[in-house]
Structures are given as C-alpha cells and as structure tokens.
K.L.:
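Have a look at this one.
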There are 2 protein chains.
Amino acid sequence: MSGEPIHAELIAVPVAVTGARPRVLTLFDGSALPAGPLESGHRSLQAGLRNWAERLTGHPLGYVEQLYTFADPARSRTGRSISISYLALTAETRTPLGGRVSWQDWYRYFPWEDRREKIATIETAIKPGLDHWSAGSDEHRARASLCFGLDGAAWNEDLVLARYELLYEAGLVREAARDGRPAHGAFAPGAIMTADHRRILATAISRLRAKIKYRPIVFELMPENFTLLDLQRCIEAIAGHTLHKQNFRRLIESQKLLEETGSLASGSGRPAKLFRYRPEILAERAHAGTRLTLARS
Amino acid sequence: MSGEPIHAELIAVPVAVTGARPRVLTLFDGSALPAGPLESGHRSLQAGLRNWAERLTGHPLGYVEQLYTFADPARSRTGRSISISYLALTAETRTPLGGRVSWQDWYRYFPWEDRREKIATIETAIKPGLDHWSAGSDEHRARASLCFGLDGAAWNEDLVLARYELLYEAGLVREAARDGRPAHGAFAPGAIMTADHRRILATAISRLRAKIKYRPIVFELMPENFTLLDLQRCIEAIAGHTLHKQNFRRLIESQKLLEETGSLASGSGRPAKLFRYRPEILAERAHAGTRLTLARS
DNA sequence: CGAAAATATGCTCGTTTCGAGCATAAGGAG
DNA sequence: CTCCTTATGCTCGAAACGAGCATATTTTCG
C-alpha cells in the first residue's frame, strides 16, 4: 500500500445524562470536542482516543463506539487529514475539571431537538428561514417538511444529523456563514462550535437516539441503582420527548433486563423500588431491547 | 494538529444479489476485496473509494455507505496505516470482468450463515470446535451459545461479525492459524481471504442484514421492475432464511413503497404483477420500512 | 392532624401488528 | 382436461401498543 501520508485525528463525543439533561464534555468553554492526533504509541484507535480524551479533560471515557470517519477536502499546505469520531458514554462525575473543560447541555447546540416541553422554537425561529430557502423549490420544501415535521409530516427524533445538515445547506446556522455559504434569514438558535464539531455532535445524538431503541446501552449512562422513573427521565432526555409512564414500565419489565435491589428510593412522593441492570445480561449483548420482525418460515 | 503521518486505505465491499444468491465483487479469484490508498487527487473519501473500485474491477459502485475504520496494530517499519471500509450496493452486470476479478457467492466465505435450507453445517462442522474451545469456561460457552443459537438460544441473523470474531478467537478459522493463534479443532468451512478482508465482509453482511429491516435499501439491489417474489428472494438471500410469503406480501404492501407497473412477469406458474420502487420515496429516505416504538406522551 | 399533592404501581380496553394457514385464481406442461 | 406451480385474498388467534382509569404510599402544607 502506498499513497500520500496523511494525518489522522481522533475525536470523542463524551456523553452523560445528569438530572434529566443530556450533557457533552467540551473544551474551550463549550466550543470544541476533545480531540487529538493518532500517535505511534497508541495500540489502537480506541486506545489513542481514550488517551487523548483523558489527557485533555481529566475524565475517563466509558463505553466507546465508533461513529464516522471523514476527510477534509484536501486543504493543501498542511497536508490532508482525516478525522475518526467516537461516541463515548459515561457518568458525569463531580470531579472538578481543569481550565476551560466543561459539561454542556447538548440542547444548547440544538435547541430545536428538545421537545419535552412545548416550545415553539421551530415555528418562530426556524420555519421562516426554511420557508425562505425552500420558496420556489418543491424538492427543498419536501426535505424541510420531512426533516422538521412540517406540513403534517411526523417528527422523527432520529434525524438530528439530517436536520443540522439541512440547516447548514440552507445557510441557517452560523457555521454556514463562517464557511462562506449564502444566508436565507436569521440564524437558528443554538451555540456554534469549532470546525465541524457541531456536526459530529449531531451525528452522535442521532446514533444514540437510534440505538437506545434496540440495544441496552442506556445503562452505560445510569448509576448503579436507579428507579424506573430515573431511567425514563434519562431516555426522555436523550430522545427529546416524553414517554407514557405506565407503558414505559410495562415495556422495561417485559424485557427482563433489570432486577430489584430490594431497597427503595426516597423522594417527594411514594418511594420507588430501586433496580439495577442484570449482570448476567452484560455478557449477552446480543438481543435485549429488541423488537425485530420479518417472520421466518 | 500534528502526529505522525500515516497511510489510509479505502476498502469496498461491493454487493449484488443475482438469482437468489448474494454476491460480492472480489479480486484475485475471490481472495481480496477491492482496495486502494487515499490519494491527494481524491475529492473525498467516497470519491477515492469509487475511483479505486472502478479502476480495479471495471464495475462502478452504486449506493455507498461507510462501514468501519480500523488501524493495524502499528506494524512498525512501513509506518502505520488505517483502513476505511465501505458497503456498496449495486446490480451485477453481465459485463465481462478482467483478469482475476470475479463475483463470489458470499456464503462461500460464511457457509454457516445460509440457513435457507436445513443444512447441519453448524452441528457437524462448527459445534465440535466450539465445544472444545468452551470446555471449562462458562463464559466461552455462553458466548458461543448466544452467537450460534446453541443450547436453545435463538439464532440472530445479524450477528455475522460476532460469529466470525468468535470463530477467530477460538482459532476455528484459517486466518487465526495464519496469524499464529492456537487451534481448537478442525477449521470451520469457508474460504479464507487476505489480511482481514473476510472480517470486513462479515461487517458488511451484518450491517446489510440489520439495515434492510428499517431502511428501504434493498431496492438498490433490485432491477427497475420486479415481482414481489423477486423481492422476497432477494431479502431471503441477504437474511439467510426464508420468509412467509403471504405475510411478506402484506408487510410490503402496507408500507406503500411500491407501485404496480401494470405489466406482468412470465414464469412457470401464474404470472405475477410487476412492481417498481415509488420514485417519490427516493426523496424521503427518512422513514420507510420502519416499525419503531416507545409511545409518546 | 387531616387534606392535598406527588409518585409509584396495577390493570383494562380497543387497536395494530404478527405469525400461521386455508382457500382460490391463473398460467403452463403433459 | 388434469396436474403442477406460483400468485393472491382472507381469516384467526396471539402479542404488542397506545391511552387511560384506579389505587397505593409518602411527603407537604394548611
């Protein structure tokens, strides 16, 4: 194998959920994700990623999963570089973080993705821009409707990345202006990040929202013991919408992923039973949370 | 960003389904996948991949989707390299392929993955080796059971990669011996490939099997017009198991992804209606094939 | 202390989706 | 004309879902 030598960068999206809010670990006061170059000392990509993330933030990554690899369009001088991004699930610790390292609510970057409470972000702050962008193009209008659930289309929570990319294409996020794309109205609300880090965060959220539906990875974000409501709030925080409590309970119990600890949680109302993830399941990893289809025969 | 310069390789897994058999486009008489280094002339990773695949095989890639990126464990001298793999869906053409380029039935590499007809591959050729490997380790036994549906566990068709990796770990595929791992009995049947190409193929099959269940990508593999049975056979070929015909028909029709062409297909029995993928849907790409859950509220 | 508020939990009901089959329709081969 | 083969329609019971009603326990507040 030959080809020009290039540089490889490892980028982490460390996620935690603390008290009903999803958080992402950032550098420079929320403007960048932890990242660093792949070095020869790294035994593997994941090892390199963990090394960098911990070195930069002082916080160890837990469960790690590769997201996507992309290359910048050959920005000549410095030579080409590719970025390999990872989703990391951890628990937020109270350990003080150094310098400008901080946990940020991820909806700070995507306010329109949080629909747990009725807020008209999209109607008032995004739809006008989309209308302007899609005026005169049925194709634009159709895409906007599908992504943002306009014109009677249903809202699909998994389309975080598609929505961000559409806003970028439409010149409705600041990154687009920064990169020299034409504008179509006021910017959508939401904090900007350096380079394409906000896009990577969107990728991470998309993946996480999709994956919690068929794999038991939420537990990577939960403490040892928790109540069913804790678990529900965590999932709601990630999914960005609320769930029907009794049905959620039924679903979880039918999966048999949890076991009671025997103790109860204190709180403002009736105490709830505490549960923990069934250790036996940890080995399996195969099914769980599933609900496949396509009958055999 | 700095870090040592490395080499990046782009690897394609070009898949087609022809007459009820899934095929993969290979080089060197089935022993390697098309691959080549990322070059500065490539506008993007995907562009580079398409370029290499077409140059090597003479066959253009159709739909392309990134699979996974991995690094070899720093094989010193030549410098480090990373590989970025892609799944590509196309239609097999009758165009003659040059040299040692050929389409191969992918079950040639994973005979145990084809369960459309009852064949005791696993019982006779794999279980003995697994038994030997897991003798004395409950953890090994549990993993083997879950992966291969032993001891009453259900068979999960999506675990192609997990099964291959387990066989590798257990020293039951030739690559393991080649890489110097201890053996645990006769090798499982199935053709070997160069480097880790067979593992990449397993990754591609896993992804494809999982994805056809919730996204309408099968159509990338179908001709313009087809009967419902054609479509069913294609999916069965990929999934490795047969489907209940009437229910399959009901499912497909309920999704409204297809429209009748008006003509009929000839054949051995009653002529079947021909369908085509609804062009309007091409724009959507969002839902389709779905069957999510988690009630809102 | 008694009532109101806040949660936790149990259960029901009508609707859909799924898995399995029975039955009928429409060509081709002998 | 009859049999074989594949296409299609429909039904039935089970399981999964979406929405609520009802009850049980605690804490909080007047």
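These numbers come from the heavy atoms of this one structure, side chains and all, not from hydrogens, waters or symmetry mates. Chain letters run A, B, ... following the sequence lines, proteins first, then strands; residues in each count from 1. Fair warning: this is a prediction, and the values are worked out from it, not measured in the lab.
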K.L.:
Tell me: CG of A:Leu274 to C1' of C:dT9, nearest whole Å?
P.N.:
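Going from A:Leu274 (CG) to C:dT9 (C1'), I get 15 Å.
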K.L.:
Please determine, by modelled atom types, if B:Thr90 and B:Glu92 share a side-chain donor-acceptor pair under 3.5 angstrom.
P.N.:
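Not at all, the side chains of B:Thr90 and B:Glu92 share no donor-acceptor pair under 3.5 Å.
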K.L.:
Does any non-hydrogen side-chain atom of B:Lys213 lie less than 4.5 Å from one of B:Asp158?
P.N.:
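A side-chain contact under 4.5 Å exists here.
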K.L.:
Quickly work out the B:His244 NE2 to D:dT11 P distance and round it to whole Å.
P.N.:
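B:His244 atom NE2 is separated from D:dT11 atom P by 15 Å.
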K.L.:
Enumerate all atom pairs, one protein N or O and one N or O from nucleotides 2-7 of chain D, separated by less than 3.5 Å.
P.N.:
from	atom 1	to	atom 2	distance (Å)
D:dA7	OP2	B:Lys245	NZ	2.4
D:dA7	N3	B:Arg270	NH1	3.4

K.L.:
Once you round it to whole Å, what is the distance between C1' of C:dT17 and CG of B:Leu251?
P.N.:
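It works out to 9 Å between those atoms.
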K.L.:
Starting at atom CG of A:Leu231, determine the distance to atom P of C:dA8, rounded to an integer number of angstrom.
P.N.:
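To the nearest whole Å, that distance equals 12 Å.
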K.L.:
Using a 3.5 Å cut-off and no angle test, enumerate the donor-acceptor pairs between side-chain atoms of residues 230-238 of chain A and protein atoms at least two apart in sequence or in another chain.
P.N.:
from	atom 1	to	atom 2	distance (Å)
A:Asp230	OD1	A:Thr227	OG1	3.4
A:Asp230	OD2	A:Thr227	N	3.0
A:Asp230	OD2	A:Thr227	OG1	3.2
A:Gln232	NE2	A:Glu236	OE2	2.9
A:Gln232	NE2	A:Leu243	O	3.1
A:Arg233	NH1	A:Glu236	OE1	2.9
A:Glu236	OE2	A:Leu243	N	2.7

K.L.:
Which is more 5' along DNA chain C, the nucleotide nearest A:Glu253 or the one nearest B:Gly267? Just name the residue.
P.N.:
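Its nucleotide being nearer the 5' end, the pick is A:Glu253.
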K.L.:
What is the distance, rounded to the nearest whole Å, between atom CG of A:Leu264 and atom C1' of D:dT27?
P.N.:
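Roughly 15 Å, once rounded to whole Å.
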K.L.:
Evaluate the side-chain hydrogen bond (donor to acceptor under 3.5 Å, both in side chains) criterion for residues B:Thr121 and B:Glu123: first the C-alpha distance (whole Å), next the side-chain angles of each, then the deciding distance (0.1 Å), finally the verdict.
P.N.:
CA-CA 6 Å; B:Thr121 317; B:Glu123 272 305 312; over 6 Å; no
K.L.:
Rounded off to whole Å, could you give me the CD-to-C1' distance for the A:Gln232 and C:dT7 pair?
P.N.:
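Rounded to the whole Å, the gap is 12 Å.
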K.L.:
Please evaluate the base of D:dG18 for a donor-acceptor partner in the side chain of A:Arg250 within a cut-off of under 3.5 Å?
P.N.:
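Side chain to base: pair present.
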K.L.:
Can you tell me the distance, in whole Å, between the CZ atom of B:Phe248 and the P atom of C:dG19?
P.N.:
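From B:Phe248 CZ to C:dG19 P: 13 Å.
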K.L.:
Is the shortest side-chain N to carboxylate O distance from A:Lys211 to A:Glu65 below 4.0 Å?
P.N.:
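Yes, this pair counts.
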K.L.:
Under the ring-ring contact (aromatic ring centres under 6.0 Å, His included) test, which residues partner A:Phe275, sequence neighbours left out?
P.N.:
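Not a single residue meets the ring-ring contact (aromatic ring centres under 6.0 Å, His included) criterion with A:Phe275.
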K.L.:
Rounded off to whole Å, could you give me the CD-to-C1' distance for the A:Gln246 and D:dT23 pair?
P.N.:
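For the pair A:Gln246 CD and D:dT23 C1', the rounded distance is 12 Å.
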